[in-house]
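Each remark here refers to the structure printed beneath this line.
Letters A, B, ... mirror the listed sequences (proteins, then strands); counts begin at 1.
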Number of protein chains: 2
Amino acid sequence: MAPPLQPDEMDAVFAALASEPRRRILDVLKKEPGANVNRVCAFFDDMGRVAVMKHLAALEGANLVVSEKSGRERLLWFNPVPIHMIYDRWTTEFSDYWAGRLARMKYTLENAPVPIKTRKGGHRG
Amino acid sequence: MAPPLQPDEMDAVFAALASEPRRRILDVLKKEPGANVNRVCAFFDDMGRVAVMKHLAALEGANLVVSEKSGRERLLWFNPVPIHMIYDRWTTEFSDYWAGRLARMKYTLENAPVPIKTRKGGHRG
DNA sequence: CCGTCATGTCACCTTTCGGTTACATATGGC
DNA sequence: GCCATATGTAACCGAAAGGTGACATGACGG
């Protein structure tokens, strides 16, 4: 299996996905693999080319988009690998919750934490 | 099945996950369901209580954390539901890619887009 | 060549994020 | 009642996000 994502890589992927315009760019590239920058821009009436390029930079930084220069244009593709890696990680990380066993335990309000002794004044505030 | 997440809900969930401290808070609550705010704060030496509370607000806004007031303290639980919803969505959205059929097609550089006619001057820039 | 087109880059602006300190409120326990 | 504790809230601050217009570069094509 591929090496798991590092924390900063997870930051980049989730941050890239946490934006509706960027998710829409991915949708465009799924429908039109190899589209160039201007072609992507054509889908956004409310945003200029520079803004789209910044979104593309975020997506490339997260490795969700790969590009290749061809002459004077840059062709773009969606790359599903980072999403697959998170998917795999979640499969193992949350399968117990989704089986329902831990979830039920979770919501039993009686399992309050053991009383904790913090230093006087609580936690600086 | 539960209704799919709205775009702004997706924004909230991904944005909440796009932060290593917030992911660590979820880890804490997975290990200590029902912990209170100060208990969570005790895990973060480099951050004050107010900062932790802001992160908790982001997580609650994404419904990744649920809380219940008990006397003078607030007890916190991790809620796996939003992650499960994204997981389900990805299962259907990307299963073709992960099967490998489309992925191979994607990376064939020959499938460049059909030439596009944009208005003169390209896309305002 | 020379103009057009696709892209890259720069400087700037406004809003949001992520943290801080200080103060306010409310509960629990002696 | 009184005081310590747990949490909430307000005001502030620097940095980063997300947008803009203007300009620079470099490839295509007649």
Side-chain angles (χ1 to χ4, degrees), chain A residues 8 11-25 32 34-62 65 67-76 112-125, chain B residues 8 11-12 14-25 34-62 65 67-76 112-125:
Chain A
D8 55 326
D11 284 7
V13 176
F14 284 129
L17 293 175
S19 153
E20 210 255 350
R22 283 196 286 264
R23 291 193 300 272
R24 278 184 45 200
I25 289 179
E32 302 203 11
N36 63 18
V37 176
N38 264 334
R39 177 60 178 158
V40 174
C41 288
F43 284 82
F44 295 87
D45 244 8
D46 54 341
M47 215 180 358
R49 183 179 57 91
V50 182
V52 171
M53 284 179 57
K54 288 192 183 181
H55 284 308
L56 284 171
L59 290 165
E60 283 206 62
V65 162
S67 70
E68 169 143 339
K69 196 108 192 195
S70 164
R72 65 178 160 182
E73 54 190 349
R74 204 164 110 239
L75 307 183
L76 304 159
V114 293
I116 42 172
K117 294 304 172 194
T118 57
R119 61 190 161 80
K120 271 189 96 62
H123 198 273
R124 55 181 185 291
Chain B
D8 55 326
D11 284 7
F14 285 128
L17 293 175
S19 154
E20 210 254 349
R22 283 197 285 265
R23 290 193 301 271
R24 278 183 46 197
I25 289 178
N36 64 18
V37 176
N38 265 333
R39 177 59 179 159
V40 174
C41 289
F43 285 82
F44 295 87
D45 244 7
D46 54 341
M47 215 181 356
R49 184 179 56 90
V50 181
V52 171
M53 284 179 58
K54 288 191 182 184
H55 285 307
L56 284 171
L59 290 165
E60 283 206 63
V65 162
S67 70
E68 169 144 337
K69 195 107 193 193
S70 165
R72 66 177 159 180
E73 53 191 351
R74 203 165 111 241
L75 307 183
L76 305 159
V114 293
I116 43 171
K117 295 303 172 196
T118 58
R119 61 187 162 78
K120 272 192 94 62
H123 199 274
R124 54 183 183 290

Scan nucleotides 26-30 of chain C against the protein and return all N/O pairs shorter than 3.5 Å with their distances rounded to 0.1 Å.
unit_1, atom_1, unit_2, atom_2, d
C:dT27, O2, B:Arg72, NH1, 3.0

From CD (A:Glu60) to CG (A:Leu76), nearest 0.5 Å | 6.5 Å

Rounded distance (nearest 0.5 Å) linking atom CG of A:Asn38 with atom CE of A:Met53 = 10.0 Å

Would you kindly give the [atom1]-to-[atom2] distance between [X] and [N], to the nearest whole Å?
{"X": "A:Asp46", "N": "D:dT20", "atom1": "CG", "atom2": "C1'", "result": "14 Å"}
{"X": "B:Lys54", "N": "D:dT7", "atom1": "NZ", "atom2": "P", "result": "18 Å"}
{"X": "B:Arg23", "N": "C:dG18", "atom1": "CZ", "atom2": "C1'", "result": "16 Å"}
{"X": "A:Asp45", "N": "D:dG19", "atom1": "CG", "atom2": "C1'", "result": "16 Å"}
{"X": "B:Met47", "N": "C:dT21", "atom1": "CE", "atom2": "P", "result": "14 Å"}
{"X": "A:Asn36", "N": "C:dC5", "atom1": "CG", "atom2": "C1'", "result": "11 Å"}
{"X": "B:Met53", "N": "C:dA22", "atom1": "CE", "atom2": "P", "result": "18 Å"}
{"X": "B:Arg49", "N": "C:dC23", "atom1": "CZ", "atom2": "C1'", "result": "11 Å"}

If we only count heavy atoms from C-beta on, is the B:Ile25 to B:Pro21 side-chain gap below 4.5 Å?
-> no

Is any side-chain heavy atom of B:Val52 less than 4.5 Å from a side-chain heavy atom of B:Arg49?
-> no

Across all chains, not counting sequence neighbours, the side-chain contact (heavy atoms from CB on, under 4.5 Å) partners of B:Ala18 are A:Phe14, A:Ala15

Output all residues satisfying side-chain contact (heavy atoms from CB on, under 4.5 Å) with A:Arg24, sequence neighbours left out; order by chain, then residue number.
-> A:Glu20, A:Phe44

Residue mapping more 5' on DNA chain D - nearest nucleotide basis, B:Lys69 or A:Ala51 | B:Lys69

Could you give me the CA-CA distance, side-chain angles and deciding distance for B:Asp11 and A:Arg23, then say whether side-chain contact (heavy atoms from CB on, under 4.5 Å) is met?
-> CA-CA 10 Å; B:Asp11 284 7; A:Arg23 291 193 300 272; 2.8 Å; yes

Under 4.0 Å between a side-chain N or O of A:Asn38 and OP1 or OP2 of C:dC5?
-> no

Is the distance from OP1 or OP2 of D:dG19 to the nearest side-chain N or O of A:His55 less than 4.0 Å?
-> yes

Among D:dG19, C:dG8, C:dC10, find the nucleotide with the atom closest to the side chain of A:Val37.
-> C:dG8

